[in-house]
Structures are given as C-alpha cells and as structure tokens.
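As the structure lists them, so they are numbered: ligands from 1, and atoms in each ligand from 1.
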Amino acid sequence: MTSSYDVIVGGGSIAGLTFAGEAARRGLEVLVLEEDAQIGEPEKCDGLVSLRELRRYMAPSAHCIQSYVRRGIIHSPSGETASLDATKLEVVVLDRSEYDRQLMERAESWGAKVKRGSRISDVTEKGGAVRVVADSTYEAKYYVDATGPSAAMIHGRKNLIPAAKYEVEGDWFNDGDVEVFLDQEKYPGFFAWVIPRGDGVAKVGAAGRGINSFRALDSFLSDKKQNIVRRVAAPIYVGGGISEFVSGRKIYVGESAGQVKPTTAGGITTSAAAGVIAARWVSNSLNLGDPSVLKRYQTDWEERFGREFRLMARIRRVLEGLTNRELDSMVAQLGSDRVRKKLASSDFDYHASSLLSALGVAGVLRMARVLVSAEARELIASLAQ
Ligand SMILES: Cc1cc2nc3c(=O)[nH]c(=O)nc-3n(C[C@H](O)[C@H](O)[C@H](O)COP(=O)(O)OP(=O)(O)OC[C@H]3O[C@@H](n4cnc5c(N)ncnc54)[C@H](O)[C@@H]3O)c2cc1C
C-alpha cells in the first residue's frame, strides 16, 4: 500500500528539517526520509555560524554551542596575518549533530514524521502527484529535495570541491580564534581552516580544486603536535544558487538548490532561511490549489540573498585568480587599522557587502592596482562600482 502525504522531504538536515517543521506548523502532512540511521550523524559540518541569524530560525540551546568566536585570523601565503576582532559579531561554533537533532524534535512536536535509514532511490511525477521510492513507495502532492550535495552530484553540477576535515586534540590553537590559511598553491581556490571547539579539540580542514585534500591536510598538520580524533571526507559546494528552485512538483531547498555562500561554502543559515520561505509558499500553494505561487519561494529567497550571493560569486572569481603574492597584499590591506575597525562591527552573513564597505571604493581600487592578472584587476575594480 502507498502512503500519502502533502509533502515528502528528502534529507533530514538543516534545510529539510527546517522546512518540515515550518510546513507541519502550518498544518501540512509532512514526511521526512533520511538515509542515515541517525539525524546529525555523521557530522560533516564545522558549525561556524552567526548566532544572531540562527535565532531567526531556531535558537540553539546552550549545550549546542561549543564555543564563542573572539577573533578571525587570516594567514597569507608568506605568513603575514590579519587579525579581525569578532567579539561583536556573535559568531559561534555549533554542535551541528545536536542542533539537527533539536530541529528534528521540534519538527516532530509540530506533527512532521521523520523516518531514518530510508534512502530515496527514485522520484517521479505523475498525474498531479509525486511518487517517491525509498524503503517503501510513498506519494505526495510535492517533493522537497533537501539532499544537499548528493543532489548537486546527481544533477551533475560543477563547483563541488573535495574537502578533508579532522577533529584533532592539540595545544597549538587558541579557543575563540578561528584561523584561515590562504595559499593558492597548496589550496587552489579555497583554504585550510582551524575552528577550535573550546574543549582542547579543533575542527581542522583543507580543501582546494584538483588537490588530494587529505594529503594537503596531513601536510598542514605535519609540524604540529596533534592527535586525530575523527576523519571526515565531504564535498563543499561553491557554485551559487541553481537557476530554478522549483521544477514541476519538485522543490529544491538548501545545498541542493546551491543556497550556500560561494565564498566560504557556509550554508547553515541560508539553508534554514530557504526551508522557512519554501514552507510558506508550499503551504500557500496547497491552500490555494495553485502551483504557480511556488515561484514566490525563489523570488523571496533572492530578494533576501540574491545580491549578496552574486557579490560573493564575483569575489570568488577574483580570489581564484590571485597569485600568492597578490594574496599577501590582500591580507596586508585587511590587516590595516581602518579596515579592521570597520569589519569589527560588520555582518558575518553578509560578509561580501561588509568587506566591500570596509575597504571602500579607494581600498578596492588600491587592491586592484597591485594585481598582476588583467582579468582579476578588471573584476576587482568592478566590485567598487
Ligand atoms: C567539511 C564541511 C564543513 C562545513 N562547515 C560549515 C560551517 O562551519 N558553517 C556553515 O554555515 N556551513 C558549513 N558547511 C556547509 C553546511 O554543512 C551545509 O551548507 C548545510 O549543511 C546544508 O544543509 P542541507 O540541509 O541543504 O544539506 P546537508 O546538510 O548536506 O543534508 C543533506 C541530507 O540529505 C541526506 N540525503 C542525501 N541523499 C539522500 C537520499 N537519496 N535519501 C535520503 N536522504 C538523503 C543526507 O544524509 C543529509 O542528511 C560545511 C560543509 C562541509 C562539507
């Protein structure tokens, strides 16, 4: 027998569970199918997030917060550093597994069903309904694809960068200091990072185009005293939003829709926002019996994040084209007193706009002058417009 729902959600993580909770709260019958046996496990994400923004979707309980970030330290390839004060930004390191479990509990308390260990193998549309094949066959009026990078892989999207992440015990990092290491040769198009959890353990990772990210991470750690507690391999997506968030009765939400920052690949808050916005329009569509209102989901999401994502995508193109010498000079500019002061009261989630406003037109143009590549020069000058 086929069970029927208003909406079936593929993927029980930040986007799927935020959607499910919000849709159930609006009275819809919702089933979430998650392939993993436990929600939140295995934990891939490092959980660096703006608490201010996250509270808009679900405030994390105190024991979800592993650490408060006090400083961001950017290391240039030659070893120069820019140290940015983060004390006013309310950025925290989240226990993502625990946060996802709390999202699930909230969604269930509002009436959503969550089924674990159920991998979706096929989704087809027929006669005004969607047929979803997993551990059983299900039917629904809509299917919400919140399967994250799996969807990006299935749809053959580019811009997935392989990342390696370890959790390490060590004494060479400081709680509250998040560090980023730029080096175009070691981590082309991305970086290595250190995010202390506040208990003597740090989440340490490396990613880059065309590299063996585990080898890069091992090399990064080779001169540091450490004990590896956990190893994770996961792709990160930096390609920006896909062109259509809705296709017939399928709705893409979160990383599967590319709603992940093209600069840092951070996607917790933007995916949660998508879950809430999509639930509003799926619910309206079902109440009105009008699938055409679903397009408001994309309009609303883009109204909120579209400009920032386009800016971030441009910044990514610039960064990918920079040489190590150019990265050195960029880090020197970021470390100047004037820029640091402005960034100290900026917005973590809108960091592209914050960065450009901190640099100012003159700063962006000054940066463009030191660039060797004509394309990067043109692009960075265009950011000042
Ligand atoms: C190494 C790493 C570090 C990161 N660090 C940060 C960070 O510090 N801050 C930040 O903001 N973002 C970070 N991100 C990004 C962030 O994790 C994602 O943007 C966010 O989790 C996207 O949420 P989502 O719900 O769209 O997808 P996901 O979290 O990827 O969830 C997709 C879910 O779908 C399930 N699924 C997949 N296929 C199927 C199927 N066929 N059937 C059923 N279930 C399926 C998966 O098991 C998973 O639970 C990081 C990502 C990585 C890889």
* Cluster link Y166 to W193, ILVMFWY, side chain under 4.5 Å -> no
* Can G275 be said to touch ligand 1, with heavy atoms closer than 4.0 Å? -> no
* Below 4.0 Å from any atom of ligand 1, is there a heavy atom belonging to P235? -> yes
* Asked: Is V49 in contact with ligand 1, taking contact as a heavy-atom separation below 4.0 Å?
  -> no
* From atom 32 (C) of ligand 1, work out which of P42, G11, A146 has a heavy atom at the shortest distance. => A146
* Structure fact -> Residues R249 and P291: closest non-hydrogen pair is NH2-CG, 4.1 Å
* Going by heavy-atom distance to atom 21 (O) of ligand 1, choose the closest among E43, R96, K44. => R96
* Asked: Mind checking whether G205 has a heavy atom under 4.0 Å from ligand 1?
  -> no
* G10 to ligand 1, any heavy atom closer than 4.0 Å -> no
* Asked: What residues join V123 in its hydrophobic cluster, counting side-chain heavy atom gaps under 4.5 Å, either direct or through other members?
  -> Y5, I8, L31, L33, I120, V130, V132, Y138, Y143
* Find out if a path of hydrophobic residues (ILVMFWY) with successive side-chain heavy-atom gaps under 4.5 Å connects L319 to Y187. => no
* Could you list the residues that satisfy side chain to side chain contact (heavy atoms under 4.5 Å, CB included) with N212, not counting sequence neighbours? => F214, R215
